[in-house]
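This report concerns only the one structure given below.
First the proteins, then the strands, lettered A, B, ... as listed; each starts at 1.
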Number of protein chains: 2
Amino acid sequence: MSTLKRLAISVGDLNGVGFEILLKAHETIKHLCQPLYCINYTMAHQAARLLHTQCPNDFSMVKVGGEFVIEAGKVSAKSGRYSYDSFKMAMELAKSKAVDGIVTLPIHKEAWKRAGIDYVGHTDALRDFFDSNAIMMLGCEKLYVALYTEHIPLRDVASHITFEGISDFLLRLYATTQEERIAVLGLNPHAGDHGVLGDEERIIEAAIAHVNTTLGKTIFFGAIVPDIAFTPRFRAHTRMMVAMYHDQGLAPLKALYFDEGINVSLGLPIIRTSVDHGTAFDIAYCNKASTVSYSNAVKAALHF
Amino acid sequence: MSTLKRLAISVGDLNGVGFEILLKAHETIKHLCQPLYCINYTMAHQAARLLHTQCPNDFSMVKVGGEFVIEAGKVSAKSGRYSYDSFKMAMELAKSKAVDGIVTLPIHKEAWKRAGIDYVGHTDALRDFFDSNAIMMLGCEKLYVALYTEHIPLRDVASHITFEGISDFLLRLYATTQEERIAVLGLNPHAGDHGVLGDEERIIEAAIAHVNTTLGKTIFFGAIVPDIAFTPRFRAHTRMMVAMYHDQGLAPLKALYFDEGINVSLGLPIIRTSVDHGTAFDIAYCNKASTVSYSNAVKAALHF
């Protein structure tokens, strides 16, 4: 009997590259974990046929209903609905402890909208389903960046910088990662340059001090000058960072590690990781998709 | 008689790494341009002695008064004053057309403050001296990023996004660079995601359309999703970008090209370039400083 952890894999939008990726990676992945693919036999074989191959014998599936005709590269309500149902199955398996974690392939937001699904993406669906305030973290083994604020307009970011908000975020991040050294970025150019270019850094620094005191050890440090944080010298001794807003963290991260990046949802009752790319409709079923991000997502689901 | 262009070189804070860099690079630089160093004989020889070397015979200097004792790594009013006077001399040489451009070595902002100099840095001194609204651009041959807003708090950035402001900026940028393809970044995550995450992209896109129409050709394109703009695939066909704010441009840029980066001031009557690093007081007079950024700054001063 295998002692490998069990991971539910949601297949993402079947009109995109997700199925090709998980099928190509299966031979490698199965030695790391027991993958349980959330797709039914009919859809899996239809997708495999489009890739001129077939599903291997040890390709364990859990049935997700709702057959439809796959159309490579097409945004469709049916495909959106199926990708949501696959994901929902993965969440249910995790909730019932039938699996140890979830890895998700990319969905298409517009397809979800057309299918009448109210969530913008995986993360808010997870928050709702598990009634938990998940932390969104992106990156790879070399560098992870956790986002303090995520999908909000830039003009609203500064007003979210509060002592309570940041303290709570840092405590949750430490509780879930147990990382011993985490850099926290400032908000303003030059981290405010002693208040000349903004003063939110005082709030950030007060929260860092408070959290370190609470934990009884120095885990967090900052506020780091944002445009220094990603330079080679700084990265050399930093494996995890907290960014104050979406592009502060993700623009440098994707500049450095685009193809290897993954997305982790922390602070939920279960671990969930995801590839950090989209459905890539333009190369769907062309046997061109890279499995690097997916393999890293599986490894991270086993690590965190 | 040499046909090489003449560049005035301001020596920066003599308690820092500037003089070491220009002395080490002189042999190479002199084949590209006629450097005119803004420093007097006494100070140059004092600095050279500290580096256990001497100034070469073809080391052309223009006298800047105000002798003081160099103290490696020390923030001092005297050194701050001298670095300003050296820079002022370079600006005057440029104004009188005695040189074709200026290259500046790093000054120390705190030292300027102690010397009672009102400017925060080179750029605002240049704006004042030439009474021109200089554009600040950073980068290297592979990628230049021009900053639409610079040293302002993040909370103030969104209110600077105006049709007139961006149109004017783009027109000036094209006039001075003649670059034929320039990407313009959005302001919000996912460039607003069709207005869901902020709507300043409509203003940016209207300004781009207006400027392209005015120019009679498609120079500018965007608004580009900020965390996609610096990925390898996007960079492969983009040599120049406009960032809406300081860290949006500089965090990814410095993540990618930290040691090669330079700073260019565009839109002044003369070209001015600068290294994109600081005084590095910790390694002053240790013969450890890299000349890469300085060499690139000289080359860029000859290019733009």
Side-chain angles (χ1 to χ4, degrees), chain A residues 109-110 113 120-121 138 143 147 149-161 185-201 225-235 243-259 261 276-278, chain B residues 109-110 120-121 138 143 147 149-161 185-201 224-235 243-259 261 276-278:
Chain A
K109 288 181 184 190
E110 180 62 26
K113 207 189 250 178
V120 196
L138 293 100
L143 181 64
L147 300 182
T149 65
E150 300 161 15
H151 295 108
I152 60 171
L154 188 82
R155 68 162 66 240
D156 296 338
V157 169
S159 63
H160 281 74
I161 308 294
L185 273 59
L187 178 74
N188 295 297
H190 308 185
D193 222 348
H194 305 285
V196 182
L197 306 175
D199 57 7
E200 288 85 357
E201 281 70 18
V225 172
D227 69 340
I228 295 299
F230 297 90
T231 57
R233 238 157 292 175
F234 195 86
R235 274 187 279 129
M244 289 298 120
Y245 56 96
H246 189 276
D247 292 335
Q248 183 188 54
L250 302 195
L253 186 72
K254 293 186 181 182
L256 294 167
Y257 308 118
F258 187 62
D259 288 320
D276 188 28
H277 58 71
Chain B
K109 286 180 184 190
E110 179 61 28
V120 195
L138 293 100
L143 181 65
L147 300 182
T149 66
E150 300 162 14
H151 295 109
I152 60 170
L154 188 83
R155 67 162 67 241
D156 297 337
V157 169
S159 62
H160 282 74
I161 308 295
L185 273 59
L187 178 73
N188 296 297
H190 307 184
D193 221 349
H194 305 285
V196 182
L197 306 176
D199 57 6
E200 288 84 358
E201 281 71 18
I224 306 298
V225 172
D227 70 340
I228 294 299
F230 298 91
T231 56
R233 238 157 292 174
F234 195 87
R235 274 187 279 128
M244 289 297 121
Y245 57 95
H246 190 276
D247 293 334
Q248 183 188 56
L250 301 194
L253 186 72
K254 293 187 180 181
L256 292 167
Y257 308 117
F258 187 63
D259 288 320
D276 186 29
H277 57 71

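Ranking B/Gly198, B/Ser159, B/Pro153 against chain A, the residue ahead of the rest is B/Pro153, based on heavy-atom pairs under 4.5 Å. Residue with the most contacts toward chain A among B/Val196, B/Asn188, B/Asp156, B/Leu197: B/Leu197 (heavy-atom pairs, distance under 4.5 Å).
Atoms CG and CG, from B/Leu154 and A/Leu187 in turn, are 4.5 Å apart once rounded to the nearest 0.5 Å. For the atom pair CD1 of A/Ile228 and NZ of B/Lys254, the computed distance is 5.0 Å after rounding to the nearest 0.5 Å. Atom CG of A/Leu253 is separated from atom OG1 of B/Thr231 by 12.0 Å, given to the nearest 0.5 angstrom. Atom CG of residue A/Asp259 and atom CZ of residue B/Arg233 lie 5.0 Å apart, to the nearest 0.5 angstrom. Rounded to the nearest 0.5 Å, atoms NE2 (A/His190) and NZ (B/Lys109) are 5.0 Å apart.
By the 4.0 Å N-to-carboxylate-O rule, A/Asp199 lies too far from B/Arg155 to be salt-bridged with it.
In this structure, chain A has heavy atoms under 4.5 Å from both the backbone and the side chain of B/Leu250. Looking at B/Phe234, neither its backbone nor its side chain comes within 4.5 Å of chain A, counting heavy atoms on both sides. Looking at B/Glu150, only its backbone comes within 4.5 Å of chain A, counting heavy atoms on both sides.
Taking the six-membered ring where the residue is Trp, A/Tyr245 and B/Tyr245 present tilted rings, their angle falling between 30° and 60°.
In this structure, B/Phe230 and A/Ala251 approach most closely via the heavy-atom pair CB-O, 4.3 Å.
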